Number of protein chains: 2
Amino acid sequence: MNRPTITDIARLLQLNPSTVSRALNNHPDVSPETRTRVQELAQELGYAPNQLAVNLRKRHSGLIALLVSEMNMFFNPSVFRAIEQEVYANGYHLIILQSNNTLIREKQNVQICRQLAVEGVLVSLASEAQDLSHFAPLLDQKVPVVFFDRILPQNHSCSVTIDDVEITRLAVQHLADKGHRRIGGLFGDPNLTITRERFRGFKQVLQELDIPFEEKHIAFAQDSEQGSQQALKIMEQEPAITAFFTMSDELMVGAVQAIEQKRLRIPEEIAIIGISDGFAPEFYNPKITHIRHSGYEVGAEAARLLLGVIREEIKDPLHVQLACRLVELGSV
Amino acid sequence: MNRPTITDIARLLQLNPSTVSRALNNHPDVSPETRTRVQELAQELGYAPNQLAVNLRKRHSGLIALLVSEMNMFFNPSVFRAIEQEVYANGYHLIILQSNNTLIREKQNVQICRQLAVEGVLVSLASEAQDLSHFAPLLDQKVPVVFFDRILPQNHSCSVTIDDVEITRLAVQHLADKGHRRIGGLFGDPNLTITRERFRGFKQVLQELDIPFEEKHIAFAQDSEQGSQQALKIMEQEPAITAFFTMSDELMVGAVQAIEQKRLRIPEEIAIIGISDGFAPEFYNPKITHIRHSGYEVGAEAARLLLGVIREEIKDPLHVQLACRLVELGSV
DNA sequence: TTTTCCACAGCAAACGTTTGCACAAACCTT
DNA sequence: AAGGTTTGTGCAAACGTTTGCTGTGGAAAA
């Protein structure tokens with residue numbers, strides 16, 4: 001037995017499909033009597049509108065796309081949850097497209113968005129993306145786009161990030177307050193704005209504190225494993241290091257591994273401070289002191305902005321920077 | 001400037017829309033000459049088919065839905081990645097629906113699937129779901145459904161799980177091999193089949209090993225926090241406990257917290273063994289011995305099954321149980 | 001009673017594709 | 001040269017809704 005359509009209901013009730021449609025949508029033009037007749041029969045038949053037809057007719061899809069580099073355990077679940085909730089609460093559905101950090105996939109994903117007639121796009125850029133030209137197909141069609149987390153500075157759409165310079169300032173300042181002056185720094189993919197900003201912040205704060213910046217104190221790494229190796233290398237080249245700053249949970253995990261491998265005690269022999277929005281700092285003993293920012297908030301804010309743009313409540317590109325705070329645990 | 005349609009191209013080329021359609025779809029009925037003429041113009045205009053219209057006409061959406069309780073860091077990212085990749089590689093798109101573990105939301109989500117005419121559904125059940133009656137709307141329409149991870153036994157669709165009894169057997173056996181006979185057990189939501197099965201396995205293995213089962217050695221908890229409290233309670237009621245078995249990463253984290261709070265050393269004073277598919281066991285020092293199963297594999301297998309059913313390559317309900325293995329690290 | 005207006009329902013077109021069928025021209029058969 | 005087949009294209013309907021417009025009957029106003 002096939003799904004009933006509006007036309008089926010119309011036939012059964014000796015009505016015109018248009019009347020049935022209006023009745024179901026509570027259009028004022030239809031009498032209360034027919035309205036209930038229609039709605040009751042619809043209920044009885046288990047009628048559900050064919051969204052495909054509605055979409056075509058209304059020329060929209062009810063879809064919002066999330067373009068993301070990849071799902072990993074460190075950042076995304078909370079961001080993701082926030083986005084899904086916000087999007088769902090507003091009657092849209094979310095479709096996920098991963099780029100695996102490649103530009104080609106990101107381009108394809110943009111095309112997919114266009115084909116599916118998504119009504120808005122949330123983007124956390126692939127690390128390969130050096131500019132935003134591949135988003136032109138969407139922007140040309142006036143599809144609202146909001147960038148978050150991994151963004152590029154030169155964007156004319158809304159964006160949501162955290163204040164990367166401020167975040168490193170908080171971290172390094174805290175280390176300095178505790179007397180550390182030889183500070184190792186572990187940074188992520190140098191292609192990402194987020195990395196560049198945090199690195200810039202790091203250098204800036206050192207300068208403000210009159211601590212000389214040294215190349216051999218810092219390193220870039222793509223993941224935990226590399227982070228661990230780089231941390232080891234730093235400690236070997238400069239045994240006088242008394243503290244590590246790590247710009248992400250992944251790198252923090254790597255650094256702790258290296259420290260444990262060196263059999264150094266935290267915080268007595270070496271301190272470590274990170275940036276986190278997840279559970280990772282709580283896993284360790286002592287727990288890791290870190291600057292906390294909320295992935296959930298980033299996601300929620302990004303989704304809210306996007307919905308605002310879709311509803312045309314927001315006209316101009318807004319660049320939101322979320323605040324964060326120092327969480328003192330036992331690692332410094 | 002609006003997006004060009006097939007009709008636009010037809011007009012420009014003095015052709016019928018149907019011919020253009022066929023040309024674009026490489027239908028053999030169209031001459032090579034017109035085919036290239038059409039395709040070149042399409043290229044030039046940046047034509048992309050209106051998927052909404054295609055969907056309506058073809059009566060499908062190209063969408064696969066993922067119904068999941070909620071995104072948390074412990075299980076889902078890897079499952080999720082696998083699913084997205086598999087689904088994407090086969091030309092479908094993924095839409096995510098969270099139930100927040102409530103039955104109401106799960107019912108709504110089923111309705112949404114029906115409305116959007118999704119072509120297949122992957123389900124990890126909400127803990128409130130006691131039966132599968134609310135999936136009837138989908139099954140009636142012959143929409144392929146595959147259950148994974150959190151399933152119910154009485155299902156007539158495909159399912160992918162891990163062998164829960166076997167997994168606990170491996171764990172408890174390992175503890176016993178190391179001489180432990182007073183073993184605490186931490187279990188999750190008792191409404192879930194996964195919990196029941198693991199609990200059943202736990203008792204069964206104890207019996208096989210001639211270890212008496214005691215109520216006060218075990219507890220159920222919904223999250224890390226509760227897990228920690230319950231572990232404390234167990235240790236206080238029964239100080240002779242020498243080992244903990246935890247059925248999930250969340251609970252393992254809770255148990256370790258409790259153990260650290262009691263200032264007991266792992267593994268000298270108390271052992272712990274878990275079940276994991278993630279990084280959590282690696283975070284600790286010593287790393288936590290655990291039974292490893294692959295979330296990625298679960299996701300990939302579930303997606304493959306679903307695609308098989310969609311393509312009608314798989315006719316009968318298949319119940320796949322994935323293998324797992326003991327990973328000996330330092331906690332036992 | 002006639003006019004005006006409103007409430008309600010129907011008609012038909014439209015959204016952009018796809019596809020079964022018809023048809024013409026060109027190509028092979030004998 | 002007549003018939004049959006192939007090749008390429010067009011026609012029109014269909015997918016299930018929504019919506020501007022038209023039209024009707026009856027109530028209210030004159």
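So that the names make sense, note that chain A is the first sequence line, chain B the second, and so on, each numbered from 1. Here the structure is a predicted model, which means the values were calculated and not measured. Just so it is clear, the values below take in all heavy atoms, side chains as well, and ignore hydrogens, waters and symmetry mates.
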What does [X] touch in the nucleic acid at a heavy-atom separation under 4.0 angstrom: a base, only the sugar-phosphate, or nothing?
X	result
B:Thr5	sugar-phosphate
A:Ile6	sugar-phosphate
A:Leu52	nothing

| query | Looking at B:Phe147 versus B:Phe135, is the centre-to-centre ring distance below 6.0 Å? | reply | yes
side-chain N/O [X] vs [N] OP1/OP2, d < 4.0 Å:
X	N	value
B:Arg22	C:dT17	no
B:Thr7	C:dG16	no
A:Asn16	C:dC11	yes
A:Ser21	D:dG16	no
A:Asn55	D:dT17	no
B:Arg3	C:dG16	no

| remark: Assign each of B:Asn50 and B:Asp29 the nucleotide of DNA chain C bearing its closest heavy atom; nearer the 5' end lies the nucleotide of B:Asn50
| message | I want to confirm an ordering. Mapping B:Ala53 and B:Ser18 to their closest nucleotides on DNA chain C, which one lands closer to the 5' end? | response | B:Ala53
| note | Among the nucleotides D:dT18, C:dA9, C:dT17, whichever has the atom closest to the side chain of A:Lys58 is D:dT18
Can you tell me the distance, in whole Å, between the [atom1] atom of [X] and the [atom2] atom of [N]?
X	N	atom1	atom2	value
A:Asp8	D:dT17	CG	C1'	13 Å
A:Leu56	D:dA14	CG	C1'	12 Å
B:Asn26	C:dT19	CG	P	14 Å
A:Tyr47	D:dG16	OH	C1'	8 Å
A:Glu33	D:dG25	CD	C1'	15 Å
A:Asn25	D:dT17	CG	C1'	9 Å
B:His27	D:dT7	NE2	P	12 Å
A:Gln14	C:dC8	CD	C1'	17 Å

| query | With the threshold set at 4.0 Å, does a side-chain nitrogen-carboxylate oxygen contact exist between B:Glu128 and B:Lys107? | reply | no
| query | Should the pair A:Glu297-A:Arg304 be classified as a salt bridge under the 4.0 Å nitrogen-to-oxygen rule? | reply | yes
| query | DNA chain D: B:Pro32 or A:Arg57, which has the more 5' nearest nucleotide? | reply | B:Pro32
| task | Identify the two heavy atoms, one from B:Ser99 and one from B:Arg105, that lie closest to each other, and give their separation to 0.1 Å. | result | O-CB, 3.3 Å
| query | Looking at A:Gly299 and A:Ala82, what are the two nearest heavy atoms and their distance? | reply | C-CB, 3.9 Å
| field | Test item: B:Pro153 and B:Thr193 side chains (from C-beta on) under 4.5 Å apart, heavy atoms | value | yes
